[in-house]
Amino acid sequence: MLKGVLFDLDGVLTATDRLHTRAWRETCERWNMPFSADTAPLLRGVGRQDCVQLILTRAGMELSQTERTAFAEEKNELYRTLLDELTESDVLPGVEETIAALDARGILTAVASASKNAPLILRRIGLEGRFTAVVDGTMITRSKPDPEVFDLAAKLLGLLPKECLVVEDAASGVESAKRSGAMAAAIGPDAKGAGAELEIERITDILSLWK
Ligand code: BG6
Ligand code: MG
């Protein structure tokens, strides 16, 4: 029986993924590095340093460790400036309704994000304190598709991963959920065909599981 829901943040609760893309693109321009449109979806769910590696590999370029750190920091500064524009209106449609319905049914909820900025984002969109647990990028050592983030989120809810549903918009996140033993619901085009048990159009679609 499913007793908990583990929500990815970027692209599931709020559309910060477009801000990540803007910040990577602008940083690449400043560093004279190519950033193609098809790189952006590959960065979903991937930790910051791993994003740098992916961008470099696709650009066929190399940077020293010091330069990689500076590149990632520059992107993050830009990204955090963009986050200043985020408000409660940036919560994606159906999210509040879904959380409220899960609360009413006694289903526990957690956020499981690779982002070190997750607490700041939750504060800005007014969802701070709405979940029993929040796992962010500072609490894990391995990026999705490793299952660490979902293992920890389930543990903080006092549940086993197999008792949880993961909601993800990234293929790497769906793989991570599967490896943890959780059931996965994929939302949006990038997670389609990644092996999730459910492919949904709207976040409220998950509520049919508890009817
Ligand atoms: C994930 C995003 O939630 O967080 C990725 O989907 C991002 O695109 C990752 O790279 C790390 O984010 P941050 O905020 O720690 O740089
Ligand atoms: Mg995501």
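Remember, it's 1-based here, ligands and their atoms both numbered in the order they're listed.
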Is ligand 1 less than 4.0 angstrom away from at least one heavy atom of [X]?
{"X": "Leu43", "value": "yes"}
{"X": "Leu9", "value": "no"}
{"X": "Cys51", "value": "yes"}

For this session: Count the heavy atoms belonging to other residues, nucleotides or ligands that lie under 6.0 Å from CD of Glu96, then report whether that count exceeds 12.
Result: no
Exercise. For the hydrophobic clusters of this structure (ILVMFWY residues joined by side-chain heavy atoms under 4.5 Å, transitively), does one cluster hold both Leu83 and Leu127?
Worked result: yes
Problem set entry | Asp8 backbone acceptor or donor facing Ser113 side chain under 3.5 Å | no
For this session: Check for a donor-acceptor pair, side chain of Ser172 on one end and backbone N or O of Arg44 on the other, with a separation under 3.5 Å.
Result: yes
Exercise. Among pairs that include at least one residue of residues 77-99, which meet ring-ring contact (aromatic ring centres under 6.0 Å, His included), considering only residues two or more places apart or in two chains?
Worked result: His20-Tyr79
Problem set entry | Pair Trp31 and Phe71, ring centroids less than 6.0 Å apart | yes
Problem set entry | Under-4.0 Å salt bridge between Asp90 and Arg124 | no
Problem set entry | Option of least heavy-atom distance to atom 1 (C) of ligand 1 (set: Leu120, Asp17, Asp10) | Asp10
Problem set entry | Gap between atom CG of Asp151 and atom CZ of Arg142 - 0.5 Å precision | 8.5 Å
Exercise. How many angstroms lie between atom CD of Glu175 and atom NZ of Lys144, to the nearest 0.5 angstrom?
Worked result: 12.0 Å
Exercise. Do any nitrogen or oxygen atoms of Ser115 lie less than 3.5 angstrom from nitrogen or oxygen atoms of ligand 1?
Worked result: yes
For this session: Can you spot which of Asp136, Asp10, Thr138, Asn76 makes a side chain to side chain donor-acceptor pair (under 3.5 Å) with Asn117?
Result: Asn76
Check each atom of ligand 1 against the heavy atoms of [X] and keep those under 4.0 Å away; list them by number with element.
{"X": "Tyr79", "value": "14 (O)"}
{"X": "Arg44", "value": "6 (O), 8 (O)"}
{"X": "Ala114", "value": "4 (O), 11 (C)"}
{"X": "Ser113", "value": "3 (O)"}
{"X": "Asn117", "value": "13 (P), 14 (O)"}

Quick test: of every protein heavy atom, which one is nearest to [atom], and how far off is it to 0.1 Å?
{"atom": "atom 6 (O) of ligand 1", "answer": "Gly45 N, 2.7 Å"}
{"atom": "atom 15 (O) of ligand 1", "answer": "Lys116 N, 2.7 Å"}
{"atom": "atom 16 (O) of ligand 1", "answer": "Arg48 NE, 2.7 Å"}
{"atom": "atom 10 (O) of ligand 1", "answer": "Val46 O, 2.6 Å"}

Problem set entry | Step-by-step side-chain hydrogen bond (donor to acceptor under 3.5 Å, both in side chains) determination, Ser36 to Thr39 | CA-CA 5 Å; Ser36 63; Thr39 302; 3.0 Å; yes
Problem set entry | Residue pair Thr14 / Thr16, side-chain donor-acceptor N/O under 3.5 Å | no
For this session: Give every protein N, O or S atom lying under 2.8 Å from the Mg ion (ligand 2), naming each by residue and atom.
Result: Asp8 OD2, Asp10 O, Asp169 OD1
For this session: Let me see the working for Glu199 and Lys192 under salt bridge (Lys or Arg N to Asp or Glu O under 4.0 Å), right down to the final yes or no.
Result: CA-CA 7 Å; Glu199 291 195 345; Lys192 277 224 166 83; 5.3 Å; no
